[in-house]
Visitor: 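A single structure is presented below for examination.
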Amino acid sequence: MIDTQSRNLALWNWVVAFAAFLVACFLGFYQVVERSGLFDFLESPPAYFASVSTHGVLMAYVLTTFFIMGFGYLTATSSLKRPLWQPGLAWSGFFITLIGTVLAAIPLLAGKASVLYTFYPPIQASALFYIGAALLVVGSWFWCAIMVVMAAQWRRENPGKGMPLAMYATVANALLWLWTSAGVAMEVVFQLIPWALGWNDTLDPGLARTLFAWTLHPIVYFWLIPAYIALYCFVPKEAGGYLFSEEMAKFAFLGLLVFSLPIGFHHLYMDPEQGAGWKLWHGIGTFLVTVPTLVTGFTVLASLEIAGRLGGGRGLFGWIGTLPWRNPVVLAAILALLMLILGGFGGIVNASYALNAMIHNTAWVPGHFHLIFAGTTVILYFAIAYHLWPKITGKKLVSNTLALIQLWTWFVGMTLLSTPWHVLGLLGQPRRISGVTYNSLLTLAWQPYELFMIMGGAVLLGSAVLFGVILWKTWRNTEIETVPEIAYAEPIHPPESLPAWAESLKTWNLAILGLMLLSFGWPIAQFFFLKTFESLPWGY
Ligand code: HAS
Ligand code: CU
């Protein structure tokens with residue numbers, strides 16, 4: 001049976017996560033309609049920016065953090081087969097994160113924090129927003145501490161043994177998040193809050209953007225790792241086969257942890273505050289961090305092939321047809337991988353130093369992250385929910401067919417939304433604008449794409465509502481779930497024991513520390529040593 005405490009924690013964390021997600025989907029649909037300029041009466045930049053800021057914060061921070069915390073409690077207790085360490089602490093973390101969310105939501109909805117989810121200064125939000133965001137992060141650190149302690153306790157009691165894969169990935173993600181969130185935490189606590197409260201008249205936006213870049217890349221892998229846990233730990237078994245290689249899986253998670261941190265300057269290629277050499281260095285690291293994803297694509301496809309062939313598939317592609325496409329976990333995995341092809345390709349374009357000049361600050365960028373985050377990642381969150389919600393509520397999934405329809409519509413909606421977004425970026429449409437009507441013949445070419453995006457937004461909203469209905473009806477279902485245990489995929493061959501460093505949290509941390517000092521040490525220190533702008537004749 002699943003540990004009762006972790007079950008309740010998962011339930012309530014997910015209730016918050018998915019409620020935030022639903023609200024954000026309604027806002028998203030409004031935004032795509034407003035921005036198109038097809039409905040004059042809707043046009044309102046203040047309302048648009050309040051909405052898009054709330055949408056971004058709900059999706060990027062609230063959905064993800066609560067979802068990941070809930071999932072982590074389940075994986076820790078079920079894969080390590082031990083009760084949750086300090087449930088009281090976990091609930092404290094939950095409430096602090098929740099209070100932070102509510103505090104941030106008030107100014108967001110009131111239009112006093114229309115600073116987008118990246119909240120770059122010099123646009124300023126009410127101090128309440130920054131304080132809420134800081135509490136949201138602090139609350140999630142409780143979760144990190146619990147994951148790290150549980151992993152360390154298990155390691156002490158099982159010397160020389162390889163950690164179960166699901167927990168290996170979860171604790172890697174907890175460490176990743178501690179390291180990741182330190183950058184934005186420093187920005188918020190030392191720069192933004194004192195400035196918003198009026199204690200400081202000014203701040204250095206270059207330093208703020210550098211600290212945010214520290215967070216901005218690894219945070220996307222914090223969101224992604226639970227999706228990869230589903231790909232490695234649930235998909236092979238649900239497809240009727242085995243995990244192709246557990247060693248490869250661990251290598252991928254370790255790679256994501258270590259190499260996603262020191263590379264954030266690919267978000268600053270077009271910014272002036274860092275030197276070209278540093279950007280190139282981070283650019284090389286960015287290409288390195290695609291390797292764990294390529295390894296994941298390979299390993300998961302190989303696992304699917306094993307399952308398809310065990311199911312009777314023959315020939316080069318015959319195994320694809322014999323996969324259980326009606327299993328929501330398998331279907332979500334296939335659709336996620338398909339979206340990863342273009343989403344990842346877009347990432348490579350972004351990361352290529354010179355090509356970035358073409359797409360930076362254009363509509364291409366939201367196209368990229370909607371496809372790879374809201375598409376690939378979130379569709380796997382749905383899969384995890386369909387797989388585990390019945391186990392945590394104790395009720396049978398109300399309808400498998402509705403779940404399949406929901407996944408397909410999400411895929412179709414996201415394709416309709418994000419493909420035109422990529423094209424619009426190439427046609428020169430900027431991002432972060434509240435309307436696309438420029439009264440220019442050139443921008444007429446944008447119109448048909450806007451229509452597709454509205455259709456995509458509508459399909460996505462319908463799909464999101466269906467997701468909410470399925471979870472709600474399952475919770476209220478009278479039929480009891482018959483398989484209450486969480487089962488993990490078996491590797492096809494017994495995993496070989498990895499070298500000690502690959503299993504040692506201490507070594508991982510030391511590697512990150514070294515790489516972070518190398519990649520961010522001087523780029524941050526320079527703000528305190530160099531008086532670049534003060535030396536200009538006209539002052540600063
Ligand atoms: Fe990104 C901007 C580079 C991955 C999210 N990214 C963003 C932003 C977000 C985001 C939110 O270098 C916007 C930030 C902002 O607001 O300013 N990104 C990358 C690269 C990757 C990447 C190199 N991003 C992600 C993931 C995200 C995410 C994952 C969220 C979850 N991204 C960038 C850059 C920018 C950026 C620049 C800044 C742009 C700018 O100028 O502002 C890589 O990790 C991607 C690697 C993936 C691949 C794909 C491999 C394909 C596979 C599929 C195989 C499947 C098959 C089909 C063959 C190389 C594995 C099987 C079919 C069957 C039927 C079975
Ligand atoms: Cu990035």
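What you see below is based on every heavy atom in this structure, not just the backbone, and it leaves out hydrogens, waters and symmetry mates.
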Visitor: Look at the side chain of T290 and the backbone N and O of F287, then say whether any donor-acceptor pair between them is shorter than 3.5 Å.
Guide: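 Pair found, side chain donor or acceptor close to backbone of F287.
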Visitor: Just so I know, are the side chains of V184 and L211 near enough to count as touching, which here means a heavy-atom distance under 4.5 Å?
Guide: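 No. Closest side-chain heavy atoms not under 4.5 Å.
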Visitor: State the CE-OG1 distance between M339 and T415, to the nearest 0.5 angstrom.
Guide: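 Going from the CE atom of M339 to the OG1 atom of T415 covers 6.5 Å.
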Visitor: Check whether any side-chain heavy atom of M453 sits under 4.5 Å from a side-chain heavy atom of L416, and report yes or no.
Guide: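 Not touching, per the 4.5 Å side-chain cut-off.
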Visitor: Between H55 and H370, what is the ring plane arrangement, given parallel below 30°, perpendicular above 60°, and tilted in between?
Guide: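 Correct class here is parallel.
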Visitor: Would T293 and Y228 satisfy side-chain hydrogen bond (donor to acceptor under 3.5 Å, both in side chains), going step by step from the backbone distance to the final call?
Guide: CA-CA 9 Å; T293 290; Y228 281 9; 2.9 Å; yes
Visitor: Do R35 and Y48 form a cation-pi contact, if we require the NZ or CZ to be under 6.0 Å from the six-membered ring centre and within 45 degrees of the ring's axis?
Guide: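 No, R35 does not sit over the ring of Y48.
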Visitor: Side chains of Q31 and V52, heavy atoms from C-beta outward: is any pair under 4.5 Å?
Guide: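 SC-SC contact between Q31 and V52 confirmed.
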Visitor: Is the distance from the ring center of F382 to that of F411 below 6.0 Å?
Guide: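 Ring centres of F411 and F382 not closer than 6.0 Å.
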Visitor: So with a 6.0 Å cut-off around OH of Y353, is the heavy-atom count from everything else above 12?
Guide: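 Buried by this count: over 12 neighbours within 6.0 Å.
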Visitor: With ring-ring contact (aromatic ring centres under 6.0 Å, His included) as the criterion, how do H266 and H217 come out once you've worked through the C-alpha distance, each side chain's angles and the decisive distance to 0.1 Å?
Guide: CA-CA 8 Å; H266 60 237; H217 194 72; 4.4 Å; yes
Visitor: Show your reasoning for whether side-chain hydrogen bond (donor to acceptor under 3.5 Å, both in side chains) applies to W281 and S519.
Guide: CA-CA 8 Å; W281 170 245; S519 297; 2.8 Å; yes
Visitor: Between W410 and F21, does the ring centre distance come in under 6.0 Å?
Guide: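 Under 6.0 Å, so yes.
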Visitor: Where the side chain of N356 meets the backbone of N350, is there a donor-acceptor pair that is under 3.5 Å apart?
Guide: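 Yes; judged by distance alone, with no hydrogens or angles, the pair exists.
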Visitor: Over 60° means perpendicular and under 30° means parallel, so classify the ring planes of F66 and F94, tilted if in between.
Guide: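 Aromatic pair F94/F66 classed perpendicular.
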Visitor: Do the rings of F18 and F467 sit parallel, tilted or perpendicular, given the 30° and 60° boundaries?
Guide: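 The arrangement is perpendicular - the two ring planes meet at more than 60°.
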Visitor: Under the 3.5 angstrom rule, does the side chain of T376 hit a backbone N or O of A336 as a donor-acceptor pair?
Guide: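 Yes, because the side chain of T376 sits within donor-acceptor range (under 3.5 Å) of the backbone of A336.
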Visitor: Is the Y120 ring parallel, tilted or perpendicular to the F212 ring (thresholds 30°, 60°)?
Guide: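 Y120 and F212: perpendicular rings.
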Visitor: So, S44 side chain and A47 main chain: donor-acceptor pair closer than 3.5 Å or not?
Guide: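 At least one qualifying donor-acceptor pair exists.
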Visitor: Do T75 and T170 have side-chain atoms, one donor and one acceptor, less than 3.5 Å apart?
Guide: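 Judged by distance alone, the side chains do pair up.
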Visitor: Does the T377 side chain pair with the main chain of I372, one donor and one acceptor, at a distance under 3.5 Å?
Guide: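 Side chain of T377 to backbone of I372, a donor-acceptor pair under 3.5 Å: yes, one is there.
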Visitor: Walk me through whether N509 and W179 qualify under side-chain hydrogen bond (donor to acceptor under 3.5 Å, both in side chains).
Guide: CA-CA 9 Å; N509 278 315; W179 276 99; 2.9 Å; yes
Visitor: Apply side chain to side chain contact (heavy atoms under 4.5 Å, CB included) to T202 and W195, showing your working.
Guide: CA-CA 6 Å; T202 184; W195 174 60; 5.5 Å; no
Visitor: Kindly assign one of parallel, tilted or perpendicular to the pair Y61 and Y117, based on the angle between their ring planes and the thresholds 30° and 60°.
Guide: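 Geometry flag for Y117 against Y61: tilted rings.
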Visitor: Are the side chain of W143 and the backbone of M69 linked by a donor-acceptor contact shorter than 3.5 Å?
Guide: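 Checked: pair present.
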Visitor: For F373, does the CZ atom have more than 12 heavy-atom neighbours from other residues, nucleotides or ligands under 6.0 Å away?
Guide: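 Check passes, neighbour count above 12.
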Visitor: Taking Q406's backbone N and O only, do any of them form a donor-acceptor pair with T409's side chain (distance below 3.5 Å, no angle check)?
Guide: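 Yes, the answer is positive, given that a donor and an acceptor are paired below the 3.5 Å cut-off.
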Visitor: Does the pair W214 and M186 meet the rule for a side chain to side chain contact (heavy atoms under 4.5 Å, CB included), with working shown?
Guide: CA-CA 10 Å; W214 166 325; M186 284 188 276; 3.6 Å; yes
Visitor: Would you check, one step at a time, whether the test side-chain hydrogen bond (donor to acceptor under 3.5 Å, both in side chains) holds for T210 with E273?
Guide: CA-CA 8 Å; T210 301; E273 62 270 6; 4.5 Å; no
Visitor: Does the Y269 side chain pair with the main chain of A357, one donor and one acceptor, at a distance under 3.5 Å?
Guide: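 Checked: no pair found.
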Visitor: Does the separation of the ring centres of W278 and F265 fall below 6.0 angstrom?
Guide: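 No: the rings miss the under 6.0 Å criterion.
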Visitor: If I take atom CG from residue L261 and atom CE from residue M516, how far apart are they, to the nearest 0.5 angstrom?
Guide: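 Answer rounded to 0.5 Å: 5.0 Å.
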Visitor: Between S434 (side chain only) and P45 (backbone N and O only), is there a donor and an acceptor less than 3.5 Å apart?
Guide: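 Here the side-chain-to-backbone pair does not exist.
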Visitor: Check whether Y168 forms a cation-pi arrangement with K250 (NZ or CZ under 6.0 Å from the six-membered ring centre, at most 45° off the ring normal).
Guide: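 Checked: cation-pi criterion met.
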Visitor: Hey, can you tell me if Y381 and F67 have their rings parallel, tilted or perpendicular (30° and 60° cut-offs)?
Guide: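 Plane angle under 30°, so parallel.
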Visitor: Indicate yes or no for a side-chain donor-acceptor contact from T299 to the backbone of T296 under 3.5 Å, with no hydrogens or angles considered.
Guide: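 Such a contact is absent between T299 side chain and T296 backbone.
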